[in-house]
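Sequence positions, counted from 1, serve as the residue numbers for this chain. None of these values were measured; they are calculated from a predicted model.
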Amino acid sequence: MKRSPPVRRLRSRFGARTVAGQVFFTTLGIAVLLVVAAVVSLVLQGRRDSTHEAEARSLSVAETFAQAPGTVAALDSKNPTAVLQPLTEEIRKRTRVEYIVVAGTNGIRYTHPDPAFIGKHIFGPYKEALHGESFTRISTTSRGPAVASVVPVRRPDGSIAGLVSVGITVETVNALASPSIPFAIGTALAALALTTGAAALVSRRLSRQTRGLGPAEMTRMYEHHDAVLHAVREGVLIIGADHRLLLANDEARRLLGLPADAEGRAVTDLGLEPRTAELLASGRVATDEVRPAGNRLLAVNLRPTGERGGPPGVVATLRDTTELRVVTGRAETVRERLMLLYRAGARIGTTLDVTTTARELAEVAAPGFADCATVDLADAVLRGEEPELPSGNVIHVRRTAICGTGTDHPLYPLGRVVGFVPTDPEAIGTSGGHTWMVPDLTASSQWRQPDPEQAARILEYGFHSLLSVPLHARGVILGMANFWRAQNEEPFTAEDLSFAEELVARAAVSVDNARRYTREHEMAVTLQRSLLPRGVPEQNALDVAFRYLPAQAGVGGDWFDVIPLSGARVALVVGDVVGHGLHAAATMGRLRTTVHNFSTLDLPPDELLGHLDELVARIDQDEQTDGGVAVTGATCLYAIYDAVTGRCSIARAGHPGPALVLPDGTVEFPEVPAGLPLGIGGMPFETVELEVPEGSRLVLYTDGLIERRGRDIDDGLEQLRRALADRDRTPEETCDDVLETMLPTRPGDDVALLVARTRILDPARRVQWEVAPDASAVSGVRKEATRWLADQGLDEEGFVTELILSELVTNAIRYGSEPITVRLLYDRALICEVSDCSSTSPHLRYAETTDEGGRGLFLVAQFAERWGTRYTARGKVIWSEQTLDEPEPPPE
């Protein structure tokens, strides 16, 4: 059976091989022996006391009965048995003796517990009692040892009338004393338990102090410790709380020159240097404090010995640092350089920004390595482009970072274009033909040649040493890092050169990574900008403003659109593809193009999102088959605003709902069913229709506007409400105010914001008629249309409009179902709409030469700018748009 850890700990602590275990078992054995001896002594003493008690009791009962009044008279009576037998039995039972026998002087019994023995001669000696002497005898019976006492009965004149014999067994006396035996045993066991507990406590304390070691192990450990203490090449002193030396090893005696009798003396009386003796006697904590000792310099360390339960005092260690001072100084320099390289690895390249990385390099180098550091980068690197190889001896770079100087420094300022010579043999240092080290600027004529006046100002400022190291990456020079010294009087050395090259090499990798990221980011931003709308299409239904902010981490997949539809309607679209980078931007472009194509079908918002959801699912399947990245995570909101009715139909697929700002400044968040994100499928989308008063503002946005790390989405919506509420603003002003309030810093996610102020088409610019399902009604429609166009000043459009209406109304009467309605809208274009309750849609086709009909829609398509069919809940609408020669400006 596997023992539990507590059992193993007890066995290891109290094992017979440990000192604690041996002490425990020895103490326990002594305690057991003492308890056994005490118990035996108590038993023997009890036996002796029981015998004495039996003698005393039997003699006392015999004398009492012999001297009792009436005993003599009963013996002298004619029938002593009749008088004495009842009395003796009663007294025997009360006194719990074995028998009380009364006999005459002739030895004949008058009483006995067994009446059969009455009248018989008593056994044993009794004649001594006839002489007037009482006596007690011990005998062995079948019930064990017994005590019998015989007492004479005297008459008043002194003669003997008879004798009384009382017997009692020792067992009876023991029975009377037996209640005290458990108490004695319990006392013995309690003493044994206390002794065992005390032994366990002592052994536990001893186990802690001896670490569970056995005698041989302790002896071996002491021998090893003593050998190590005296063999170690470091001085060790143990000083007590009274500042007396308790122990000193051989090395400490050698370093301090201690006398043979040093142990036990105060450290201040050992003839040490006063400063050294004062430190050793102080008892405080010290780390590598240098103190003199003769012609040596000792590094002294002091630590208290009582922190972990040891005796109070201190332990001192001594090292001879006389020969190591120079080596220590160089090692400290190496350590500082290694720490500087470590900090460089942690601080340089924290962002993927070229300018920030250059500034981090300068901040790491100054003032730790140089008094001033400057970083110059090629313009191509700053733009994210691949740097070109130098065509001559000079590479032109731009000052990108300066650190370590005040504002009055004479160095070239930030943004200044400077040049350096990367390959000129006369200006090259010793590191691979590219690093330029000038230990003494005052003695270098080569350094002064490019700009003597600038060199003079630099020397006057106090710079005296320069180290220039190019930033290399993949065999191309990205720029130059320059290190200057002024306050530090030491010039740059070959060791400094090696360190600078290592530091700059690490930084160059980060600069190149940032450059490549900048290039990719610019490419992604360019792609994204090309996929987003450049402006807002011309339409009169909405006054629209928009903003798009890319994420700080890179471009994403947010997009928006304003799409004019038929019938003075406009579609507003906002979508989001989760993720960042080129793939998200490309996916966004695909979805935006798809929405444009679906919108030409004049589908309701829920049906359009349904088709878009199926398309995204198919794209995901194709991407997974080709090992590409799926689009899962795209969301979209699609809204259609009708400027004729003032109603807005909205559906969304996992996208945040819109905000509606009423003309009085009240902000609402209409309840629009969220739906699942695109590509998941399985659930239909729902369309909600809203009454939107003229002058209201519809605000559509992506989640980057309201969601942020550390902020709840409800808090974001409330903040958006406050930014939109109260005062009346144009859509442009609304965009600016919302972004200023919601995004004080660059966002962590893309943000698309679309604000649209609603307009209603003037009722005077629209007309509607009900048409009877009779071919003769077509002429009436033409006349009414011509009259209305004349009222609107559109007489020139009358002929084309009559032709279009004749064909559309005739088709509705012939192929459609009641009711049939004609509507004319005068917006930026002249819109003709014919609606009926049939779902059959006409198709454009080429008629044969023998066909009598089939050319109507062909004529409509030729004379109208656009035409099409859209379905409604009750049927369909066939519409056409005619471009006007001079479009009317949108109403103010």
Decide if the gap between the ring center of F492 and the ring center of F369 is smaller than 6.0 angstrom. yes

Drop me the distance from [X]'s [atom1] to [Y]'s [atom2], to the nearest 0.5 angstrom.
X	Y	atom1	atom2	result
R729	T734	CZ	OG1	5.0 Å
R457	D451	CZ	CG	6.5 Å
I458	E453	CD1	CD	12.0 Å
I706	L743	CD1	CG	11.0 Å
N249	L237	CG	CG	7.0 Å
D737	R722	CG	CZ	14.5 Å

Report yes if the side chains of [X] and [Y] come closer than 4.5 Å at any heavy-atom pair, otherwise no.
X	Y	answer
E234	L318	no
V354	R516	no
R506	I348	no
V504	F483	yes
L720	M742	yes
E251	R319	no
N482	R399	yes
Y412	I402	no

Verify, without hydrogens or angle tests, whether [X] (side chain) and [Y] (backbone) share a donor-acceptor contact under 3.5 angstrom.
X	Y	answer
T276	R291	no
D496	T493	yes
R485	E490	yes
R519	E385	no
R253	P259	yes
T400	R398	yes
R254	G235	no
N513	V509	yes
E278	E273	no
H464	N488	yes

Identify the heavy atoms of [X] and [Y] that sit nearest to each other, and give their distance.
X	Y	result
A366	G404	CB-CA, 4.2 Å
V755	C735	CG2-SG, 3.7 Å
A277	V267	CB-O, 4.1 Å
Y548	A752	CD1-CB, 4.0 Å
S444	R448	O-CG, 3.4 Å
E732	R547	OE1-NH2, 2.8 Å

Residue set satisfying side chain to side chain contact (heavy atoms under 4.5 Å, CB included) with P439, at least two apart, ordered chain then number -> M437, P491

Practice task
Determine, stepwise, if the pair V511 / V375 fulfils side-chain contact (heavy atoms from CB on, under 4.5 Å).
Solution key: CA-CA 11 Å; V511 171; V375 180; over 6 Å; no

* Asked: L302 and L279: side-chain contact (heavy atoms from CB on, under 4.5 Å), yes or no, with the steps?
  -> CA-CA 9 Å; L302 292 178; L279 176 61; 3.9 Å; yes

With sequence neighbours left out, the residues meeting ring-ring contact (aromatic ring centres under 6.0 Å, His included) with Y701 are none

The ring-ring contact (aromatic ring centres under 6.0 Å, His included) partners of F560 (sequence neighbours excluded) come to F546

As a quick check of understanding, evaluate side-chain hydrogen bond (donor to acceptor under 3.5 Å, both in side chains) for R303 and T287, giving each step before the final call.
CA-CA 9 Å; R303 292 294 184 273; T287 301; 2.9 Å; yes

So for atom CD, which belongs to E740, do other residues, nucleotides or ligands contribute more than 12 heavy atoms lying within a distance under 6.0 Å?
no

The single option from D371, L467, L411 that satisfies side chain to side chain contact (heavy atoms under 4.5 Å, CB included) with W484 is L411

Given the options V300, L245, T268, L280 meets side chain to side chain contact (heavy atoms under 4.5 Å, CB included) only with V300

**Prompt:** Are any of the side-chain nitrogens in R721 or E718 under 4.0 Å away from the carboxylate oxygens of its partner?
**Reply:** yes

Next item on the list: Evaluate the side-chain contact (heavy atoms from CB on, under 4.5 Å) criterion for residues L739 and L705: first the C-alpha distance (whole Å), next the side-chain angles of each, then the deciding distance (0.1 Å), finally the verdict.
Entry: CA-CA 8 Å; L739 294 183; L705 182 69; 4.2 Å; yes

inquiry  = Using the rule given for side-chain contact (heavy atoms from CB on, under 4.5 Å), can you reason through I477 versus V397, listing the C-alpha separation, both sets of side-chain angles and the distance that settles it, and then say yes or no?
reply    = CA-CA 10 Å; I477 297 177; V397 292; over 6 Å; no

Paired with T702, the side chain to side chain donor-acceptor pair (under 3.5 Å) test is passed by just one of D576, D558, D750, namely D558

